[in-house]
Amino acid sequence: MLTRELVRRRLAAGRLIGGYGLPALAFLLFVVFALVLPDTFPTMANLTAIISAYSIIAILAQGAMIPIVTGNFDLSIGYGLGLGHVMTLLLVVNAGWPWPQACLAVLAGGVAVGVINGLLVVFARIDSFIATLGTGSVLYAVTGWVTHGARIFAGPQGLPAGLTDLYDSTFLNLPIAAFYVLVLTAALWVVLERLALGRYLYVIGSNLRAAELVGIPVRRYVILAFAGSGLVTGFAGILLAAQQQIGNPSVGLDHLLPAFVAALLGSTTIKPGRVNPWGTVVAVAILAIGLSGISQLGADFWVTPLFNGITLLIAVGLAGYSARRRTRAGPAAAAAD
């Protein structure tokens, strides 16, 4: 009896640490930087700056998360982000399109790229890592072709106010982009945790053969996951255009690594062992707080990629550990009952 009780306590402690350790770390980081930098870090201005700087990364991370649920990776999201943001500006500035039509075209293009990725994975049977890296390279080439490698400027008249307001406006004294992140995260949580679609996606990611045996249309749902990733990436590209108001052909690559770090690191919290929307948001908060505090302490420019790279390695290691621990916890919990 004592052994069973001890097992139960250890399992409960493991679930508590695994589920909420990362949010606690985010809070601890905030407190540390607030004590070290009391005049600049714990201020509303700094909070607004962090939200503005990392909202697009948070949205892109949610897009990266969707295919990971099915056990696939979409490395084209960074390239798609770059193409989406320059196409938004090209259609509005050079082609004279009304900004709502330009945004719809970019969203449709994002979905099309996602479907192509899905088709390559499920029908051509190309590993998702290779397939999306290839399509990403194509997207990068298209970005260079349509921009001729040069930046896109709106000119003296600027961009339409409706387009820039997509990112520059505020709600409840916070940047509107923060609420985009919350709405998208809540919507993905509902889909993945409350709808049959989400359960199918998780089954595909955990055991592809079992999903096929129970009759889940695996090909359809994998393509749908990639299409969802493309849609979210297109939306992030539109917001990036509204934020920067200048088309930069290479800007999307800077967002690729942080997005994947957040998606993978997020799988170690809230729902340890599997990627999940709220865990991804917590992971973005870790990156945002850490990098903001480090930069305010006067760190050199190379610290940011170093931080992202080390965090990615830690995230992959923790994600694998959480998945293995979750698998072992099943028999242990049954033995304790």
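- Side chain to side chain, Asn117 and Thr132 fail the donor-acceptor criterion of an N or O pair below 3.5 Å.
- Take Phe73 and apply the ring-ring contact (aromatic ring centres under 6.0 Å, His included) test, not counting sequence neighbours, and it matches no residue.
- In this structure, CD1 in Ile246 is found 6.5 Å from CZ in Arg151, a value given to the nearest 0.5 Å.
- With sequence neighbours excluded, the residues forming a side-chain contact (heavy atoms from CB on, under 4.5 Å) with Pro42 are Phe30, Ala34, listed by chain and number.
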Ignoring hydrogens and angles, write down the donor-acceptor pairs under 3.5 Å from the side chains of residues 80-104, residues two or more places apart or on other chains.
unit_1, atom_1, unit_2, atom_2, d
His85, ND1, Gly82, O, 3.0
His85, NE2, Asn248, N, 3.1
Thr88, OG1, Gly84, O, 2.8

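- Applying the ring-ring contact (aromatic ring centres under 6.0 Å, His included) rule to Tyr221 yields the partners Tyr200; only residues at least two apart in sequence or on another chain are considered.
- The closest side-chain heavy-atom distance from Tyr54 to Val181 is not below 4.5 Å.
- Minimum heavy-atom separation, Val275 to Ala263: CG1-O, 3.5 Å.
- A donor-acceptor pair is defined here as one N or O able to donate and one able to accept, closer than 3.5 Å; no such pair exists between the side chain of Ser137 and the backbone of Gly134.
- Put simply, the side chain of Ser229 gets close to the backbone of Gly63: a donor and an acceptor are under 3.5 Å apart.
- Counting only residues at least two apart or in different chains, salt bridge (charged side-chain N to carboxylate O under 4.0 Å, His left out) contacts with residues 171-197 comprise Glu193-Arg274.
- Every side-chain contact (heavy atoms from CB on, under 4.5 Å) that Leu174 has, sequence neighbours left out, goes to Met44, Leu47, Ile51, Phe179.
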